[in-house]
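First the structure, in the form of structure tokens, and then the observations on it.
Chain letters run A, B, ... following the sequence lines, proteins first and then strands; every chain starts at 1.
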Protein chains: 2
Amino acid sequence: MNTLAQRSPSQTHRTLTSDDIEALAVGAWILGTGGGGDPYQKLLNMRLLYEAGRQVTLMDPLMLDDNALVAVLSNMGAPLVGQERLSDPEFALKPLRMMEEYLGRKFDAVMALEIGGGNGVHPMMVAALTGYPVVDADTMGRAYPEAQMTSVAVAGLRCYPLTMADIRDNEVIIPRAASWRWMERISRKACTEIGSVAATCKAPRSGAEVKQHGVLYSVSKAISLGTNVLKARAEHSDPIEAVLSSTKGMRLFDGKVVDIERRTTEGFLRGQTRIEGLDGFAGKELLVHFQNEFSVAYLDGEPIVMTPDLICLLDTVSGDGIGTDALRFGQRVSVLALPAPAVFLSEKGIAAVGPRAFGFDLEFKSVFEESNT
Amino acid sequence: MNTLAQRSPSQTHRTLTSDDIEALAVGAWILGTGGGGDPYQKLLNMRLLYEAGRQVTLMDPLMLDDNALVAVLSNMGAPLVGQERLSDPEFALKPLRMMEEYLGRKFDAVMALEIGGGNGVHPMMVAALTGYPVVDADTMGRAYPEAQMTSVAVAGLRCYPLTMADIRDNEVIIPRAASWRWMERISRKACTEIGSVAATCKAPRSGAEVKQHGVLYSVSKAISLGTNVLKARAEHSDPIEAVLSSTKGMRLFDGKVVDIERRTTEGFLRGQTRIEGLDGFAGKELLVHFQNEFSVAYLDGEPIVMTPDLICLLDTVSGDGIGTDALRFGQRVSVLALPAPAVFLSEKGIAAVGPRAFGFDLEFKSVFEESNT
């Protein structure tokens, strides 16, 4: 969408306004497909940091030197726990400092592991504290629950080292792992043991790796999406329509949440929700499964949408994202599908994040025709 | 027992003979109180290394410089798994090299975390490969299942950093932990995830720490114990009596194993065994609980011996130690108690390794009168 050629030089580094941050929180929560954590806590922290005079610079990824060192940051764990154990910017910063000490080298920039949910705002806190620019990119273009579900894993890039910290005084470094799946297994168990929530600095990436394999301009995309939603709200027009037009998305269902099963297990939030159709969907029922994020949805028993297509449950009135940790009986929701980044539509991408990666024995079929060709 | 004053200068560093290693394996298995892993695999490796011309130097701990850096090595996990996934000297060496790289400093010597079982032989393999001397000491004077059950933990010394490796290409560093129990929890989960067996290098110790807080001369003790047992066998005298006279131990029971419950769970081997009395113990029954090592024994329902007293199940005929992983129906066993190192009889010691640390709501009472005063 936004390529370098379309941007003026002044756009290659731009200072984000507090309005940009507000919009980012809204847009990232929609792109989170239910996961990545509620951005609200992190947004409050960003408001404080901005009030204290801190600012964040957003950097065009194509401006990265090939040899630049980029920190890939995230909060790891089960979203529901993140609502109870509140994080702060220093907590987010800790694994970055651990990694710099481990590598004996400073970073040049930070980047979100996933643009979805609170993890889209997460590196902003670190950037506000350190002055490092935030690269306008991530490795998912949304949120996914596991370490091997990234564009850089699909590309076969190196999966280590990783650093992790909790809110006590516990720290873990994984200097090597045999594969992305081993990295996921070991880091997940450590994360679970320290309370199913940890701040992490994933395998650092070079500028060349980000440029070639990152999901580019996803921060701008989230800000633009959030801006359109906020504008629709202010103008009393339909925020859901604003999301659809902003993302080339598709409306799949409108209804009321009538049932929710949820369990925090093995470091994830797993479960399913049933939605009873309203308006044009009256008499129909949608069943949506999730593992942190929404993975597959069945309409009256038939699978109609599945990852890597983004499955977004939004508040029908406000257009706000609804997290898998916040679903509850009676919510009026609109279910949208948004197109997935191209990297996940490849054979390797489908293997990493398609329905079978979530335990569903289904052949991936996108709701977007252009993805099926 | 062996103090520096009683030793000639030539004894402060001595080259262990292959006979010493054979005796060490026998003595360590008795001191293992059922755990620390069967030494047989490691003995085979040591025979190969000695045949190839490698040798190990045993170093008097009091000869350590205060600032010397000592690697504390062990195999971590469930003993039963160690019987299936065989280790080799290079595997044992890996975490030491990781630690040297992490610290940016070479070690001066290696030491056993626990003298009991295969872990008493474990650092010998690393010493044979590297040429580092083995310090004549450990931190348990036996084997215990958990990280906080050491003389250095009871002394309140620093619990980190720790390095860990598996037989694939997975590595973990724990640079900080909030406490010894947190170190145990996090390292145990990582160990369990990579298959319930891992080679580790625990928190390095200074020479001063070893001299002040190590369990000193435990390697010599194990070699001497093993030598006496092997001698008794060769002379067709009673090996059990040889153990008792060599250790000031107490015979508690003779009998036949009639039942064994065992499960590998949470990175440990847990269970219990029932032993039917024979000879002077006919008509009685001993129930012995274990978590890797034997923890508490009940005679006809009454607790008669508990950690930190060493509870040793030995083959009545050969005097060989019997591991909790090798117990089976029909074995003729003698159950002995051996005195615990003084550090574990302190209030802090009992809190760390007494019966309550293993889930038994019992007041510690030693079978040795001198420990009760």
To the nearest 0.5 Å, what is the distance between CE (A:Met183) and CG (A:Leu162)?
5.0 Å

Separation of A:Leu103 CG from A:Cys201 SG (nearest 0.5 Å):
8.0 Å

Here the pair of heavy atoms bringing B:Val110 nearest to B:Ala127 is CG2-CB, 4.2 Å

Among the options B:Ala190, B:Pro161, B:Pro175, pick out the one with the most heavy-atom pairs lying under 4.5 Å from chain A.
B:Pro175

For B:Ala357 and B:Ala352, the nearest pair of non-hydrogen atoms, with its separation, is CB-O, 3.3 Å

Between A:Pro308 and A:Val353, the two heavy atoms sitting closest are CB-CG2, 3.8 Å

Output all donor-acceptor pairs under 3.5 Å across chain B and chain A; consider backbone as well as side chains.
residue, atom, partner, partner atom, Å
B:Asp169, OD1, A:Arg176, NE, 3.0
B:Asp169, OD2, A:Arg176, NE, 3.3
B:Asp169, OD2, A:Arg176, NH2, 2.7
B:Asn170, OD1, A:Ala178, N, 2.7
B:Glu171, N, A:Arg176, O, 2.9
B:Ile173, N, A:Ile173, O, 2.6
B:Ile173, O, A:Ile173, N, 2.6
B:Arg176, O, A:Glu171, N, 2.9
B:Arg176, NE, A:Asp169, OD1, 3.0
B:Arg176, NE, A:Asp169, OD2, 3.3
B:Arg176, NH2, A:Asp169, OD2, 2.7
B:Ala178, N, A:Asn170, OD1, 2.7
B:Arg185, NE, A:Glu193, OE2, 2.7
B:Arg185, NH2, A:Glu193, O, 3.3
B:Arg185, NH2, A:Glu193, OE2, 3.3
B:Lys189, NZ, A:Glu193, OE1, 2.6
B:Glu193, O, A:Arg185, NH2, 3.3
B:Glu193, OE1, A:Lys189, NZ, 2.6
B:Glu193, OE2, A:Arg185, NE, 2.7
B:Glu193, OE2, A:Arg185, NH2, 3.3

To the nearest 0.5 angstrom, please state how far the CG atom of B:Leu49 sits from the CG atom of B:Leu44.
11.0 Å

Non-hydrogen atoms of A:Ala177 and A:Ile174 that approach each other most closely
CB-CG2, 4.4 Å

Is it the side chain or the backbone of A:Met98 that comes within 4.5 Å of chain B heavy atoms, both, or neither?
side chain

